[in-house]
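Below is one structure; the comments refer to it alone.
All chains are named by letter (A, B, ...) in the order of the sequence lines, taking the proteins before the strands, and each is independently numbered beginning at 1. Below, all heavy atoms of this structure are taken into account, side chains as well, without hydrogens, waters or symmetry copies.
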Protein chains: 2
Amino acid sequence: MPEFSPRQNEVLEQALRLLVEGGEKALTTSGLARAANCSKESLYKWFGDREGLLAAMIAYQASKVRTQERSGERLTAPLLRDHLELFARDLLEVLSGDVSLALNRLAIGQSHREGSKLGKLLLEHGRRQIDRRAMALMDQGKRAGLLRFDNADAAYHTLYGLIVSDLHVRMLIGEPGLKDNARQAQKAVDAFLVLHGTHNQSADAQRASAGR
Amino acid sequence: MPEFSPRQNEVLEQALRLLVEGGEKALTTSGLARAANCSKESLYKWFGDREGLLAAMIAYQASKVRTQERSGERLTAPLLRDHLELFARDLLEVLSGDVSLALNRLAIGQSHREGSKLGKLLLEHGRRQIDRRAMALMDQGKRAGLLRFDNADAAYHTLYGLIVSDLHVRMLIGEPGLKDNARQAQKAVDAFLVLHGTHNQSADAQRASAGR
DNA sequence: TAGGAACGGAACCGTACGGTACGGTACGTG
DNA sequence: CACGTACCGTACCGTACGGTTCCGTTCCTA
């Protein structure tokens, strides 16, 4: 996995800024060289190619967002709910971030070309972390007898759909995000626990959390 | 609402073909004129502008997909389930269609520019039909005592999330679609009925539909 | 049959891109 | 001091785009 020098990181930061502010067409080699006070020749020496630059931007951004693996404390039903809600809020926050949206738009715009290499990269670097966190939560919940499902992956996709619905695509198209991510996270987790929770932890917890 | 002449429709058809096959950068005025055997001058006379052309493509594509409004027959629980599953399958089919994906990519690529006009157009023309169909189904189900929810819109978004999850974005990025849309539709509707159905129609219907 | 609207084909213009090459400069090293 | 390295700034090249203009042809109509 390639690491970059401080100077190169600085350039990549400017590249992300340009992309966020003006979209793909604002991210030109000349524009980046001007904005980052570097020469085009250096850009091509460092990243080889425009596509190389884009890939480097994705790798750089991914390297900035490290999610800490939550270690295995003993889970209780309210604790599981809290962790699920935290995950949901974090997911919504990540997806609605400026840089995330810009990179996703970039990958989508490039998707028809050459096997969607950028898209693969984006999913791999950007989503693997958060997917693993969710899957670990699924697994812990099941082992603690608090969740029931046959297929952890399917259950996770259900949770994801409940949290995000069509919000991601809408934001990609340009609509504003939710006004209250926390409320959406709470409702999604409530529904998820109805579907995959044990006990009737759903109903009473719903009432208990009404005051939040 | 502008209508187009047969010749213009023919040109728009070619434009959609170019867009599907090569993405946004393949849809050039020169290329379209060549592919459609027309002159660039005519393109500009008819559509005024490149953005006008894109808008016309969206309007044209929307005009091709007319969903028939299902009139109000008397709903039973299995009938509601069938209608919901049919809706889910249709939704998955629409979202995974070549032209739909290409137009969504186009709108997303354009989203940073000029108030995301294309995105609004796409959502309005493309989604209004299917949204209304779903909302009508929600409403009928509730009035027949088969569904329970406070907010029909929220319930619909739940259904949408259960059906689509992150599939739409993945397909936009270039990943292949599901191998079995019908199975996904069935599981999504099962979950939705657990959340918002009355009776315990969910469990037995799940067993009854296991042989499909 | 004359005239005009509609249209296809092609040349053209200004611009901006990705990518390359060249001169100049700061700096570390023998 | 001489030399190499790494870099910046800029000029440059080939290409391709969106958009405009001009001309020849077809076809409809009076």
Side-chain angles (χ1 to χ4, degrees), chain A residues 2-58 60 102 105-107 109-114 117-118, chain B residues 2-58 60 102 105-107 109-114 117-118:
Chain A
E3 277 300 312
F4 302 109
S5 77
R7 176 69 179 124
Q8 287 166 14
N9 285 341
E10 196 178 317
V11 171
L12 291 174
E13 194 71 43
Q14 290 297 318
L16 286 176
R17 191 178 61 80
L18 287 180
L19 182 68
V20 166
E21 288 179 1
E24 174 173 5
K25 56 173 273 315
L27 183 61
T28 70
T29 52
S30 319
L32 177 56
R34 201 179 318 120
N37 288 326
C38 73
S39 74
K40 290 171 68 173
E41 191 173 14
S42 299
L43 291 181
Y44 285 102
K45 168 171 288 189
W46 292 334
F47 309 112
D49 193 334
R50 186 170 196 266
E51 182 157 328
L53 172 67
L54 304 183
M57 290 167 62
I58 291 179
Y60 169 66
R105 291 196 187 104
L106 181 65
Q110 220 81 352
S111 64
H112 52 87
R113 193 138 193 93
E114 190 60 30
K117 202 164 161 302
L118 273 189
Chain B
E3 278 298 314
F4 303 108
S5 77
R7 176 67 179 126
Q8 289 166 13
N9 285 341
E10 197 177 318
V11 171
L12 291 173
E13 194 71 44
Q14 290 297 318
L16 286 175
R17 192 178 61 80
L18 287 180
L19 183 68
V20 167
E21 290 179 358
E24 174 173 6
K25 58 174 269 317
L27 182 63
T28 71
T29 51
S30 320
L32 177 56
R34 202 179 317 120
N37 288 327
C38 73
S39 73
K40 290 169 68 173
E41 187 174 18
S42 300
L43 292 181
Y44 285 103
K45 167 172 288 189
W46 293 334
F47 309 111
D49 193 335
R50 185 170 197 267
E51 182 157 326
L53 171 67
L54 303 182
M57 290 168 63
I58 291 179
Y60 169 67
R105 292 196 187 104
L106 182 65
Q110 222 81 355
S111 64
H112 52 87
R113 192 140 195 91
E114 190 62 30
K117 203 164 162 301
L118 273 189

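Ranking D:dC17, D:dG19, C:dG19 by closeness to the B:Thr28 side chain, first place goes to D:dC17.
If you measure from atom CG of A:Leu32 to atom C1' of C:dC17, you get 14 Å, rounded to the nearest angstrom. Taking atom CD on B:Glu24 and atom P on C:dC17, their separation rounds to 15 Å, with Å as the unit. Atom CG in B:Leu18 sits roughly 15 Å away from atom C1' in D:dC17 (whole-Å rounding). Distance, A:Glu10 CD to D:dC8 P: 9 Å, rounded to whole Å. Look at CZ on B:Arg34: it is 11 Å from P on D:dG18, rounded to the nearest Å. Following rounding to the nearest Å, A:Leu27 (CG) and C:dA16 (C1') show an atom-to-atom distance of 15 Å. Distance, A:Tyr44 OH to D:dC8 C1': 16 Å, rounded to whole Å. When the C1' atom of D:dT10 is taken as reference, atom CG of A:Leu43 falls 14 Å away, rounded to whole Å.
Once rounded to the nearest 0.5 Å, the distance linking CZ of A:Phe47 with CD of A:Gln8 reads 5.0 Å.
B:Leu18 is not listed as a side-chain neighbour of B:Gln14, based on a closest heavy-atom distance of 4.5 Å or more. Here the side chains of A:Leu53 and A:Leu32 are in contact, with some heavy-atom distance below 4.5 Å.
Residue A:Thr29 places at least one side-chain N or O closer than 4.0 Å to OP1 or OP2 of C:dG18.
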Sugar-phosphate means primed atoms, P, OP1 and OP2; the rest is base. With that split, encode nucleotides 3-9 of chain C 5' to 3' as B, S or - using protein heavy atoms under 4.0 Å. ----SBB

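Under a 4.0 Å N-O distance rule, the pair A:Glu41/A:Lys45 does not qualify as a salt bridge. Salt bridge status for A:Arg50 with A:Glu24: present, with a side-chain N to carboxylate O gap under 4.0 Å.
Every side-chain contact (heavy atoms from CB on, under 4.5 Å) that A:Lys25 has, sequence neighbours left out, goes to B:His112, B:Arg113.
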